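The figures that follow rest on heavy atoms only: side chains count, while hydrogens, waters and symmetry mates do not. For ligands, and for the atoms within them, numbers begin at 1 and follow the listed sequence. Worth saying up front: this structure is predicted, and the values here are computed from it rather than measured.
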Amino acid sequence: MLYYKDILNKNKKWAADKLSENPAYFDEMAKGQHPPLLWLGCADSRVPASEVIGAEPGEVFTHRNIANMAIHTDINMLSVLEYAVNALKVRHIIVCGHYGCGGVKAAMGNDTVGFVGKWIRHIKDIYRMYRDELDAIADENKRWDRLVELNVKEQVTDLAKTSIVQSAWKDGQFLHLHGWVYDIKTGIANDLEVSMEDSSNLDELYQIHL
Ligand code: CO
């Protein structure tokens, strides 16, 4: 119970600190949001979206799930994406994975059942796509790191496969997709340089005639 009371008190202190810096802070916040960024990150508690990029409230529209996945049948993710792109007109979407991702690790093994087991099966599919490259990495931790990176790359592509993103591009909307990997050991996020700014690099198979 102590912890629970403590976090409520921390919230009050946080709000008071914001008001002491700017008495109109919450009045301005209540007027609406115009975030330039959608963050698709891992649910891992060590990778808090706004905090690691020094962003303020109102700056990052956020969706987080296990292993930062963009599953094309996930109406939760798709609803966030649709609202972010069509209503908020975010300019950038960052898929941010992280080294040490337990979801990715679980996908490399055979012991995870239940809902998590079903969820990470999508990552197993990615392993299979890159099996030659991954199996050639003898060190298990290095193989894990590489699968984290490849998963991010594939999730960026999976966002590009959606009609939401392709429609925005067709309409000439500025929308850049990026893939990052955050390193929990250093606090640094690296750009994997898998950015997509239009559908020109998207496999023809996935290009929708809109
Ligand atoms: Co993770």
Not counting sequence neighbours, which residues clear side-chain contact (heavy atoms from CB on, under 4.5 Å) with H34? List them please.
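Scan of H34 (side-chain contact (heavy atoms from CB on, under 4.5 Å), adjacent residues dropped) gives none.
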
Please find the pair of heavy atoms, one from A106 and one from T112, that lie closest to each other, and give the distance.
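Here A106 and T112 meet closest at CB-OG1, 3.4 Å.
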
Closer than 2.8 Å to the Co ion (ligand 1), which protein N, O or S atoms?
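C42 SG, H98 NE2, C101 SG, with waters left out.
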
Are any non-hydrogen side-chain atoms of L37 and V90 less than 4.5 angstrom apart?
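Sidechains of V90 and L37: no contact.
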
Tell me, do R143 and R146 make a side-chain contact under 4.5 Å, heavy atoms counted?
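Counting from C-beta outward, R143 and R146 never come under 4.5 Å.
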
Give every residue pair that meets the side-chain hydrogen bond (donor to acceptor under 3.5 Å, both in side chains) criterion with at least one member in residues 55-75, sequence neighbours excluded.
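For residues 55-75: K18-E56.
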
If you look only at distance, which donor and acceptor atoms sit under 3.5 Å apart when one is on a side chain in residues 201-210 and the other is two or more places apart or in another chain?
{"residue": "D203", "atom": "OD1", "partner": "L205", "partner atom": "N", "Å": "2.9"}
{"residue": "Q207", "atom": "NE2", "partner": "S199", "partner atom": "O", "Å": "2.8"}
{"residue": "Q207", "atom": "NE2", "partner": "L202", "partner atom": "O", "Å": "2.8"}

